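The model shown is predicted, which means the values in this text are computed figures rather than measured ones. Note on naming: letters A, B, ... go to the chains in the order of the sequence lines (proteins, then strands), and numbering restarts at 1 for each one. Scope of the values below: all heavy atoms of this structure, side chains included, with no hydrogens, waters or symmetry mates.
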Amino acid sequence: MIDYERFLNPEQLEAVTAGDGPLLVLAAAGTGKTQTLVYRVAHLIGRGVPPAAILLLTFTNRAAREMLERARSVAGDSAAEVWGGTFHHVCNRMLRRHAPRLGYRHDFIIADRDDSRKLIDDCVKELKLGGKEFPGKDVLAGLFSHAVNRDEPLEDVVGTRLDHLACNIEDVCCVQQRYIELKEKLAVMDFDDLLLNGLRLITEHEDIRRLYQKQFQHILVDEYQDTNLLQAQFVDTLVGSEDGNIMVVGDDFQCIYSWRGADFRNIMSFPARYPNARIVRLERNYRSVPEILEVANASIAQNPEQFQKTLRATRGGGSRPMLHIVKDGREQAEVIVRLIRRYQDSGLALRDMAVLYRAHFHSIELQMELGRVNIPAAVTSGIGVFEQAHSKDVLALLRLAHDPQDRLAFDRLICLLPGVGPRTAATLWHKLGSVCDCRNPARRAQLAGLLRPAAREGWEAIDSALDDYFADEPHTRASKLIGGFVKGFYEGYLTKTYENASERVDDVYELGAQIDNSPSVAAFLQEVALLTNTDQVDGRETGRQADAVRLSTVHQAKGLEWPVVFIIWAVEGMFPSARAVGELADDSEERRLFYVATTRAREALHILVPGWRHVKGGQIYPCVQSRFVTEIPNRLLDTRYGLKF
DNA sequence: ACTTTATGCGTTTTT
DNA sequence: CGCATAAAGT
């Protein structure tokens, strides 16, 4: 029997041991939200609920993995059978089983952000729209996504978000229509389709809805404040009744994804949608020293219309957060280097420290400085390994090998050949009859015959790699195909295309090893589009990751904590970001982001405010201290100037 | 004429 | 890194 009272405080215990019925846990930052979810899962299993009857929806795959691992150590190995993952992941898993019910193949292709933008661009060109006044593909993708995730008509979204642009709303709708048709034709779902079709599956098909309602006796949702309307509908439908077994955990103060359609009204209206919901508040913060919490509380108090919560400290006194007024980005980097060295001398490891910023490019100057003075830094970069060109190239080869109809993969692969671009790729695809059966040597030879000599040479190398690969069936190993591909063709391509070709070669071999270790190549390919950079970085950390300072955007730091945190570029226009303030005329989400940043720190928080910003071209702009700093009472901060501290 | 490739520049946040 | 534009290649 688990001694819950030993590991949980009274509020956490109440949430963990609550009986059936809806439950809303308002868990402020650092109050043991994860602990509560982990023990709730353990408690349910202990009560006799079959693990496979529990659905745990999280914001990242990493969060699900961590929670289930911990639940496993508390409740035993059976916890591994709990369904856990992101909404996209769970929808994908359901859709792989039932896709034909919606007119899709089981092996539909997932289009990542790049793929869908490319497809949208194709639609625009096909409809001969384009032009100066017409929105670009990113804007269009954003509009489509917004409409889907908020369940609003596209016309309204275009009307409100694009009123300054004198473009025809109907044209935009035409592009969307064409985009939807094109996706259907290519058997492709984009990220939004996974959610949309996951929801359609259980709303339009009663038997499937019943199946999953019966299977999932308990549904738990983490980071509920960052769900969008579609996701909330998905959960509500699966729960089925207003007295169902649904537990949602969240903190409206930490809703930072509304630009992606998240709507913290989901959490605000939860008590109205589930009138009998029990509400538990977790306010005892175990993470940070009181001085840091005071700053966080003072900051978030500026936002109206939220569930009132105050972080109460449980820890003893530490020291006040430091505000560093520095000359410019260079001095900012210098201050951080000195502070890092000082913390190292006092016994902290580099992995105990993190530098947080609003946008990736804010960190470039610091990265260079850290490199110069040999302080190892782990950057959670904007694009993960799987999203980088070389991974995608290799994945395209594997995808095409396993699915002759994967046009996106074909295009990508064939365009690597010299003298072949999108146009020739399209012609070739047509000439081949909309299939590229790599399993069939005769078909591969046919393709070779259609290519120009320069391109043919490259294709022949790929051809022999494919030949070797299929010779081993059914025990094909991805690493073998990748090895042949790299040696015969890709290494040469990489060396003439990129500076850091050898790193990329290493990455690609690593990718092969990972696929060999996964259950099957096909399963890996079906999941890979949903794996994110943070999943990947953490995967590596367990491996050979050395001790390093973490550099991260605030968004990617969500759910993490460090003894020492630096927030850089706390100036107007950068944090809050100029775009966010201009577009929304409401800075509350940016303030929540600042709140998330401050509450990542356990012992020490340093906020840096440079006075000048060097833009390339030699221009210098003065910086104004961020409103988020200015609105904090002076007495809560320890202000230092320049290099004196 | 049509395609591919080279060059220079600007960057919010991401499943 | 991706995008737009201009130049080179077929």
Side-chain angles (χ1 to χ4, degrees), chain A residues 57-64 85-92 110-114 116-118 121 130 132 136-138 141-142 145 148-149 189-196 198 223 226-228 230-231 255-262 356-364 380-384 386-390 392 414-427 452-455 496-500 527-535 552-558 569 573-584 589-590 592-594 596-597 615-617:
Chain A
L57 289 160
T58 55
F59 199 72
T60 61
N61 291 309
R62 170 178 56 77
T86 61
F87 282 88
H88 291 85
H89 177 90
V90 169
C91 286
N92 183 40
I110 298 176
D112 63 19
R113 204 176 107 265
D114 266 5
S116 59
R117 283 190 337 191
K118 234 173 257 155
D121 210 33
K132 263 213 175 95
K137 56 183 148 188
D138 317 83
S145 182
V148 171
N149 284 295
M189 289 196 207
D190 62 21
F191 286 141
D192 298 330
D193 289 328
L194 289 173
L195 294 181
L196 188 65
E223 307 279 11
D226 277 319
T227 54
N228 63 37
L230 224 51
Q231 292 166 326
C255 173
I256 54 175
Y257 281 91
S258 63
W259 48 272
R260 208 176 79 189
L356 306 183
Y357 35 83
R358 180 65 180 82
H360 284 297
F361 74 97
H362 296 168
S363 72
I364 294 169
T380 53
S381 83
I383 24 179
F386 292 139
E387 290 163 289
Q388 282 174 39
H390 53 283
K392 288 207 194 175
I414 219 75
C415 285
L416 297 174
L417 301 169
V420 179
R423 207 80 213 186
T424 0
T427 321
R452 261 192 260 120
K496 81 171 170 37
T497 316
Y498 301 105
E499 290 289 313
N500 59 346
E527 287 282 317
V528 71
L530 299 175
L531 294 178
T532 65
N533 46 2
T534 41
D535 295 328
S552 168
T553 61
V554 183
H555 281 91
Q556 289 187 324
K558 182 184 181 182
W569 287 114
M574 295 177 83
F575 200 170
S577 132
R579 282 225 200 173
V581 174
E583 275 175 20
L584 294 152
E589 173 141 327
E590 292 284 309
R592 291 194 292 269
L593 202 54
F594 188 76
V596 169
V615 185
K616 76 170 135 190

Any donor-acceptor pair under 3.5 Å linking the side chain of [X] with the backbone of [Y]?
| X | Y | result |
| --- | --- | --- |
| A/Asp226 | A/Ile256 | yes |
| A/Tyr357 | A/Ser552 | yes |
| A/Glu589 | A/Ser258 | yes |

Just how far, in rounded Å, is [atom2] of [N] from [atom1] of [X]?
| X | N | atom1 | atom2 | answer |
| --- | --- | --- | --- | --- |
| A/Phe59 | B/dT13 | CZ | P | 15 Å |
| A/Arg113 | B/dT15 | CZ | P | 10 Å |
| A/Asn228 | B/dT15 | CG | P | 14 Å |
| A/Arg260 | B/dT13 | CZ | C1' | 10 Å |
| A/Arg62 | B/dT14 | CZ | C1' | 14 Å |
| A/His360 | B/dT14 | NE2 | C1' | 9 Å |
| A/Leu57 | B/dT15 | CG | C1' | 13 Å |
| A/Phe191 | B/dT15 | CZ | C1' | 6 Å |

Inset, instruction - Return the set of residues passing side-chain contact (heavy atoms from CB on, under 4.5 Å) with A/His89 (not counting sequence neighbours), or none when no residue passes. - result: A/Asn61, A/Thr86, A/Glu527
Select base, sugar-phosphate, or nothing to describe what [X] touches, counting heavy atoms under 4.0 Å on all strands.
| X | value |
| --- | --- |
| A/Phe361 | sugar-phosphate |
| A/Tyr257 | sugar-phosphate |
| A/Tyr357 | nothing |

Legend entry - Side-chain N or O of A/Gln556 closer than 4.0 Å to phosphate OP1/OP2 of B/dT14: yes
Inset, instruction - Give a yes or no on whether a salt bridge exists between A/Arg358 and A/Glu590, defined as a side-chain N under 4.0 angstrom from a carboxylate O. - result: yes
Look for any protein N or O under 3.5 Å of an N or O in nucleotides 2-8 of chain C and output each such pair with its distance, or none.
residue: C/dG2; atom: O3'; partner: A/Arg117; partner atom: NH2; Å: 3.4
residue: C/dC3; atom: OP1; partner: A/Arg117; partner atom: NH2; Å: 3.4
residue: C/dC3; atom: OP1; partner: A/Lys137; partner atom: NZ; Å: 3.4

Inset, instruction - Please figure out whether A/Ile364 or A/Thr553 has its closest DNA chain B nucleotide nearer the 5' end. - result: A/Ile364
Legend entry - Those residues that, when tested against A/Asp114, pass salt bridge (charged side-chain N to carboxylate O under 4.0 Å, His left out) (two or more places apart): A/Arg117, A/Lys392
Inset, instruction - Under the side-chain hydrogen bond (donor to acceptor under 3.5 Å, both in side chains) rule, collect the residues that match up with A/Asn228, sequence neighbours excluded. - result: A/Asn149
Inset, instruction - Could I get the full list of side-chain hydrogen bond (donor to acceptor under 3.5 Å, both in side chains) partners for A/Ser116, not counting sequence neighbours? - result: none
Inset, instruction - Take the angle between the ring planes of A/Phe59 and A/Tyr257 and call it parallel below 30°, perpendicular above 60°, tilted in between. - result: tilted
Tabulate atom names and distances for all N/O pairs under 3.5 angstrom spanning the protein and nucleotides 4-7 of chain B.
residue: B/dT4; atom: OP1; partner: A/Gly421; partner atom: N; Å: 2.5
residue: B/dT4; atom: OP1; partner: A/Gly421; partner atom: O; Å: 3.2
residue: B/dT4; atom: OP1; partner: A/Thr424; partner atom: N; Å: 3.2
residue: B/dT4; atom: OP1; partner: A/Thr424; partner atom: OG1; Å: 2.1
residue: B/dT4; atom: OP2; partner: A/Arg423; partner atom: N; Å: 3.4
residue: B/dT4; atom: O5'; partner: A/Gly421; partner atom: N; Å: 3.4
residue: B/dT5; atom: OP1; partner: A/Gly419; partner atom: N; Å: 2.7

